[in-house]
Amino acid sequence: MADPRSRSMAGWRSRLGVLASRGETSGPRVDEARAALSWWRLRAAVNREVASGLVDQDQADAVLDSLIGEVTMST
């Protein structure tokens with residue numbers, strides 16, 4: 001499983017779109033792109049909490065780093 005940070009959110013969306021345009025709607029590459037997009041959505045939510053001052057940046061980074069392991073291990 002690729003690190004979700006290896007591409008931008010837009011890059012993962014594009015990859016998923018290209019796969020779908022070629023008829024690939026399931027399988028490991030589709031799962032990888034979907035998992036990466038999930039991580040990016042979670043990152044956006046965590047970043048909003050940091051911006052509001054409710055969550056410390058170091059804590060947010062730790063949570064996001066731990067999710068990388070979960071994303072890569074689950075596939």
Exercise. Rounded to the nearest 0.5 Å, how far does OG of Ser38 lie from CG of Leu67?
Worked result: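 Reported value, rounded in 0.5 Å steps: 8.5 Å.
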
Problem set entry | Arg5 side, atom CZ; Trp12 side, atom CH2 - distance, nearest 0.5 Å |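 Reported value, rounded in 0.5 Å steps: 12.0 Å.
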
Problem set entry | Min side-chain heavy-atom separation Val55-Arg48 under 4.5 Å |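 No. Closest side-chain heavy atoms not under 4.5 Å.
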
Side chain to side chain contact (heavy atoms under 4.5 Å, CB included) involving [X] - partner list, sequence neighbours excluded:
X	result
Ser52	Glu49, Leu54
Thr25	none
Val30	Leu16, Leu19, Glu24, Arg34

Exercise. What's the shortest heavy-atom distance between Trp39 and Leu64, and which atoms?
Worked result: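 Answer, listing the atom of Trp39 first, then Leu64: NE1-O, 3.3 Å.
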
For this session: Could I get the full list of side-chain hydrogen bond (donor to acceptor under 3.5 Å, both in side chains) partners for Gln59, not counting sequence neighbours?
Result: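 Partners of Gln59 by the side-chain hydrogen bond (donor to acceptor under 3.5 Å, both in side chains) criterion come out as none, since no residue qualifies.
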
For this session: Would you please name every residue forming a side-chain hydrogen bond (donor to acceptor under 3.5 Å, both in side chains) with Gln57, sequence neighbours left out?
Result: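 Listed in chain order: Asp61.
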
Just distance, no hydrogens or angles: give the donor-acceptor pairs under 3.5 Å from side chains in residues 40-47, sequence neighbours left out.
{"residue": "Trp40", "atom": "NE1", "partner": "Pro4", "partner atom": "O", "Å": "2.9"}
{"residue": "Trp40", "atom": "NE1", "partner": "Arg7", "partner atom": "O", "Å": "3.3"}
{"residue": "Asn47", "atom": "ND2", "partner": "Arg43", "partner atom": "O", "Å": "3.4"}

For this session: Flag yes if Val63 and Leu37 sit in one hydrophobic cluster, no otherwise; membership is Ile, Leu, Val, Met, Phe, Trp, Tyr, and two members link when side-chain heavy atoms are under 4.5 Å apart.
Result: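 Yes: a chain of side-chain contacts under 4.5 Å links Val63 to Leu37.
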
Exercise. Would you say the side-chain atoms of Ser6 pair up with the backbone N or O of Ala2, donor to acceptor, closer than 3.5 Å?
Worked result: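 Not a single qualifying donor-acceptor pair exists.
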
